Amino acid sequence: MMERKRYTMEEVAKCTGENGSRCWIILWGSVYDVTDYLEQHPGGGELIGEFAGMDASKGFDDFGHSSDAKKMLKKYEIGVVAKTETSDGKADRMSRENTKQRRKFLSIILGPCASA
Ligand code: HEM
């Protein structure tokens with residue numbers, strides 16, 4: 001099977017359909033170029049357009065699309081979202097920072113032994 005193309009969130013965010021760019025959305029970690037579908041969408045192009053360059057999974061799920069709609073997605077899939085070193089590193093740092101904060105808080109209310 002062919003390796004799927006990877007796009008960073010930054011690259012996807014640039015494809016808002018404005019200024020002649022393509023319109024991309026993210027659904028469950030996959031990237032879709034929906035530029036040519038907007039006009040055909042039964043819910044209207046604007047509705048999808050609101051999520052241009054962003055993750056539209058929640059919007060898609062909230063409406064409860066038919067299985068036919070889900071099958072149509074395949075046609076527009078262009079790749080997957082790449083996890084970048086920087087965004088992973090940032091998440092790690094943030095969770096370490098949260099743990100530190102929690103320990104500090106516990107040690108204040110319970111005494112230093114609780115923070116070990
Ligand atoms: C490429 C992505 C999408 C595809 C292929 C798609 C496809 C479809 C299809 C085939 C229908 C007709 C009903 C059905 O079969 O379920 C539909 C309706 C609808 N879709 Fe999407 N959709 C997409 C994205 C979205 C997104 C991101 C939203 C977010 C808000 C959305 C909102 C709606 C709504 C509200 C309707 C109902 C329209 C009505 O009944 O008047 N869709 N869509």
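Just so it is clear, the structure is predicted and the values come from calculations on it, not from any experiment. Whatever order the structure lists them in is the order used to number ligands and atoms, beginning at 1.
Residues I48 and F51 share a hydrophobic cluster, clusters being chains of Ile/Leu/Val/Met/Phe/Trp/Tyr side chains in contact below 4.5 Å.
Remark: minimum distance from atom 38 (C) of ligand 1 to any protein heavy atom is reached at G43 CA, 3.4 Å. Of all protein heavy atoms, the one closest to atom 27 (C) of ligand 1 is A56 CB, 3.8 Å. Ranking protein heavy atoms by distance to atom 12 (C) of ligand 1, first place goes to P42 CG, 3.4 Å. Ranking the protein heavy atoms by distance from atom 19 (C) of ligand 1 puts F63 CE2, 3.2 Å first. L73 CD2, 3.6 Å is the protein heavy atom nearest to atom 2 (C) of ligand 1. Remark: minimum distance from atom 7 (C) of ligand 1 to any protein heavy atom is reached at Y37 OH, 3.1 Å. Distance from atom 35 (C) of ligand 1 to its nearest protein heavy atom, with residue and atom name: L47 CD2, 3.4 Å. Shortest contact from atom 14 (C) of ligand 1 to any protein heavy atom: S66 OG, 3.2 Å.
Below 4.0 Å from some heavy atom of F51 lie the following atoms of ligand 1, by number and element: 29 (C), 30 (C). Within the listing of ligand 1, atoms 10 (C) sit less than 4.0 angstrom from a heavy atom of M72. For ligand 1, the atoms closer than 4.0 angstrom to any heavy atom of I48 are 23 (C), 24 (C), 25 (C).
With a 4.5 Å cut-off on side-chain heavy atoms, I78 and Y7 count as touching. Side chains of H41 and L38 form no contact here, defined as non-hydrogen atoms less than 4.5 Å apart. Counting heavy atoms from C-beta on, the side chains of Y76 and D33 never come closer than 4.5 Å. The side-chain heavy atoms of L73 and W28, taken from C-beta on, include a pair separated by under 4.5 Å.
For the pair S21 and T16, the tightest heavy-atom approach, listed with the atom from each and the gap, is OG-N, 3.5 Å.
Judged purely by distance below 3.5 Å, without hydrogens or angles, the side chains of D55 and S57 pair a donor atom with an acceptor atom.
If you check each of Q40, K70, K75, H65 against atom 42 (N) of ligand 1, the one with the closest non-hydrogen atom is H65. For atom 1 (C) of ligand 1, the nearest non-hydrogen atom from the set V34, L27, D62, I26 comes from V34.
The residue E50 has no part lying near ligand 1, judged by heavy-atom distances below 4.0 Å.
Not a single donor-acceptor pair under 3.5 Å links the side chain of T8 to the backbone N or O of A82.
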**Message:** With side chain to side chain contact (heavy atoms under 4.5 Å, CB included) as the criterion, how do V81 and M9 come out once you've worked through the C-alpha distance, each side chain's angles and the decisive distance to 0.1 Å?
**Reply:** CA-CA 7 Å; V81 179; M9 292 296 274; 3.7 Å; yes
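Of the N or O atoms in D68, none lie within a sub-3.5 Å distance of an N or O in ligand 1.
Ion pair K70/D61 not flagged as a salt bridge, since none of the NZ, NE, NH1 or NH2 atoms sits closer than 4.0 Å to an Asp/Glu carboxylate oxygen.
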